[in-house]
Amino acid sequence: MAAVLPPLLRNPTNIGGSRGEPALLSSVSSHGVFEEEEGEELSFLAILLAVLRKYLVSCMSLKEGAVSSMEIGCPTDVRHVAHVTFDRFHGFLGLPIEFEPEVPQRAPSASVNVFGVSAESMQCSLDPRGNSVPTILLLMQRRLYQQGGLRVEGIFRITAENSQEEHVRDQLNNGIILDGIDVHCLAGLIKAWFRELPSGVLDHLEPEVLMHCQSEEECTRLMKLLPPTQAALLDWAINLMADVVQEKQRNKMNARNIAVVFAPNMTQMADPMTAIMHVVHVMNFLKMLIVRTVKEREEAASDYASVASLWPDDDDDKQPSVKLSLEDRRGVDSEETEKTVFLPHETSVEGPSEDSTVQSSQASWNKLVSQELHEVPLHSDSFPTKVQKVVLVQEKCRRRASKLSNLNVKRGRRRSKGQSLDQAVVMVEKLKGTSIMNNINSRAEREAERVEVWR
Amino acid sequence: MASANQGDFDYLFKLLLIGDSGVGKSSLLLSFTSNTFDDLSPTIGVDFKVKMVTIGGKKLKLALWDTAGQERFRTLTNAYYRGAHGIIMVYDVTRRDTFTNLSDIWAKEIELYSTNQDCIKMVVGNKVDKLNARAVTKKEGIDFARECGCLFLECSAKTQSNVERCFEELVLKILETPSLLAEGSTGVKKNIFSQSQQRTDSPPPGSCC
């Protein structure tokens, strides 16, 4: 007690200088020994003093804040008017009409100019793979596909007439999308958009690293090193190029050709000599990614074919020989799994629902595709959630896969859980590997067929 | 005698091929250098080929620079215009855009980047084998060539018709231009000092343009 008290007592004396304290102190020092009563009294006083001190301090601070706190009165008659949210793609949502003129309709971050501005400052939309890319790119892509540009010989290689390109570019910068733009002009503008970015999409990768990238796996690994914006742009571009390559019989643009014409637009280097050297490496990098994407798509397509042939009858018990080894499970997201995993006939608890999720996401995209992008904005609240759901499903599957492998379950028939897992994985992989727009309709049909078989 | 020694030649001329992507610059060059035709990939940066020819008793070494037509490469390849003796502007007779772009883009590029004021320019319309797809008439080509003071020819890299003649006419014209001849002669090339001397000394007569 004695050890605690003096500091407690001394401090107030220094500040407040209240009476009675010197006496107390003297009593402590003079008596030297504490009686029980006295000790109690002292502790009580100490608490009292501490309270007094706190009160004084709070009074002082109150005096300081008093000036400002006096000006605003307490709110009365509070009423909830509206709930406004801000969306990156659509700006303010739920804003009362009377406030609308004061706030720009579009997201303030969206740049007016289309060319030469960073993707971050542009209005973005999601492509079917969930990449957030500038809406203008999706729009040009859509027009290009609509006009059969993928089948035109030398698409993306051939230059459009310079004057038309200039004109269309000006209009785009003014926010106007003209009708009947030449496909080469659209293709040229897509390339120009990448070329005129403040920094190249692949400039984040070290030239030396890119140079030594020799395999598809390495390329995929490098792709993951990119910042999200650039990664999304690259993924979009790779799939666009894969779409072109899939029509190579008609357009004569194989993976190398399209990679060559795209490569110089993906990096920026000042020195012409090193730039050209670097472009060769970029070209190889792009080529490998395109080839991989096309391969994945073809595998997915052949998988569908095999799946379709596996379900000729509706017999519930006759299950196709499901070849599921432990290794398959571990590499559940690898391509091999896709090949060996058959979709079991037996309906599971989760299977159909997951299927319908994928379907609905496709349906929603179909809906989106059928709408003019600039007239009806993408429903970011509907589509992305679907995508997320699918991703979640995938996540769930992965977790389950690892669980299963831990259980050391050997090959053979698997009951609902494992099967639903495989379905989901295959579905997710398929969804991921789909070519952007041209395959969607046929896929949707196939999906519909599948569901029928299921029932 | 002509192919006896690569280093043994009287003149070295630098010829440059420019024009839109896909008009057939590389094909034209391949047709000229090895008499073959193939579906070629787009060119990256600049391709460089050498061909020895004998014209009018003179042994000539032709350094052929085949540039990429891709837009992005324009900024990278302009360095290659320097010191060219002859520039061939190629367009595709089946694609009108490639023809209009000659005046819109390529002629301007030459003005900007070519250091040689006397250099011989030539307009070549390629792909004349596609008879039904022609979009630019021969007369239009001739008119444009006259307008900008260029030689003109139509050819087909695929059938190899007129391909040799393109290069031949160009080289003959270079041989007729004294300032270019002086620059391309081996004696000058071997001596760097006298070469730079020659360049500063030779007055630009501006004969053909």
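So that the names make sense, note that chain A is the first sequence line, chain B the second, and so on, each numbered from 1.
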Tell me, side chain or backbone of A:Met283 under 4.5 Å from chain B's heavy atoms, or both, or neither?
side chain
Contacting region of A:Phe156 [heavy-atom separation from chain B under 4.5 Å]:
backbone
Mark yes when over 12 heavy atoms from residues, nucleotides or ligands other than A:Lys252 sit less than 6.0 Å from its NZ; otherwise mark no.
no
Relative to chain B, which segment of A:Thr274 carries a heavy atom at a distance below 4.5 Å: side chain, backbone, both, or neither?
neither
Under 3.5 Å, is there a donor-acceptor pair between the B:Asp92 and B:Thr94 side chains?
yes
Toward chain A, the part of B:Arg96 with a non-hydrogen atom under 4.5 Å
neither
Side chain of B:Lys138, backbone of B:Glu154: donor and acceptor closer than 3.5 Å?
no
State whether the number of non-hydrogen atoms from other residues, nucleotides or ligands found under 6.0 Å of A:Met277 atom CE is greater than 12.
no
Measure from the side-chain N and O atoms of B:Lys14 to the backbone N and O of B:Tyr80, and report whether any donor-acceptor pair falls under 3.5 Å.
yes
Examine the side chains of B:Asp129 and B:Thr159 and answer whether a donor and an acceptor come within less than 3.5 Å of each other.
no
Between B:Asp118 and B:Lys173, is the closest basic N to carboxylate O distance under 4.0 Å?
no
Heavy-atom proximity to chain A below 4.5 Å, by part of B:Thr98:
neither
Below 4.5 Å from any heavy atom of chain B, which atoms of A:Arg195 appear? Answer side chain, backbone, both or neither.
side chain
Any residues in residues 159-170 of chain A near chain B, with a heavy-atom distance under 4.5 Å, and which are they?
A:Thr159, A:Ala160, A:Glu161, A:Asn162, A:Ser163
Close contacts, residues 196-206 of chain A versus chain B, judged by heavy atoms under 4.5 Å:
none
Under 4.0 Å between a Lys/Arg side-chain N and an Asp/Glu carboxylate O for B:Asp143 and B:Lys139?
yes
Under 4.5 Å from a heavy atom of chain A, the part of B:Thr100 involved
side chain
Is it true that atom NZ of B:Lys49 has more than 12 heavy atoms of other residues, nucleotides or ligands lying nearer than 6.0 Å?
yes
Checking side-chain polar atoms at under 3.5 Å, does B:Asn101 have a donor or acceptor matched by the opposite partner on B:Asp97?
no
Please evaluate residues B:Lys25 and B:Asp20 with respect to the criterion salt bridge (charged side-chain N to carboxylate O under 4.0 Å, His left out), reporting the C-alpha separation (whole Å), side-chain torsions for both, the decisive distance (0.1 Å), and the verdict.
CA-CA 9 Å; B:Lys25 298 178 290 295; B:Asp20 269 4; over 6 Å; no
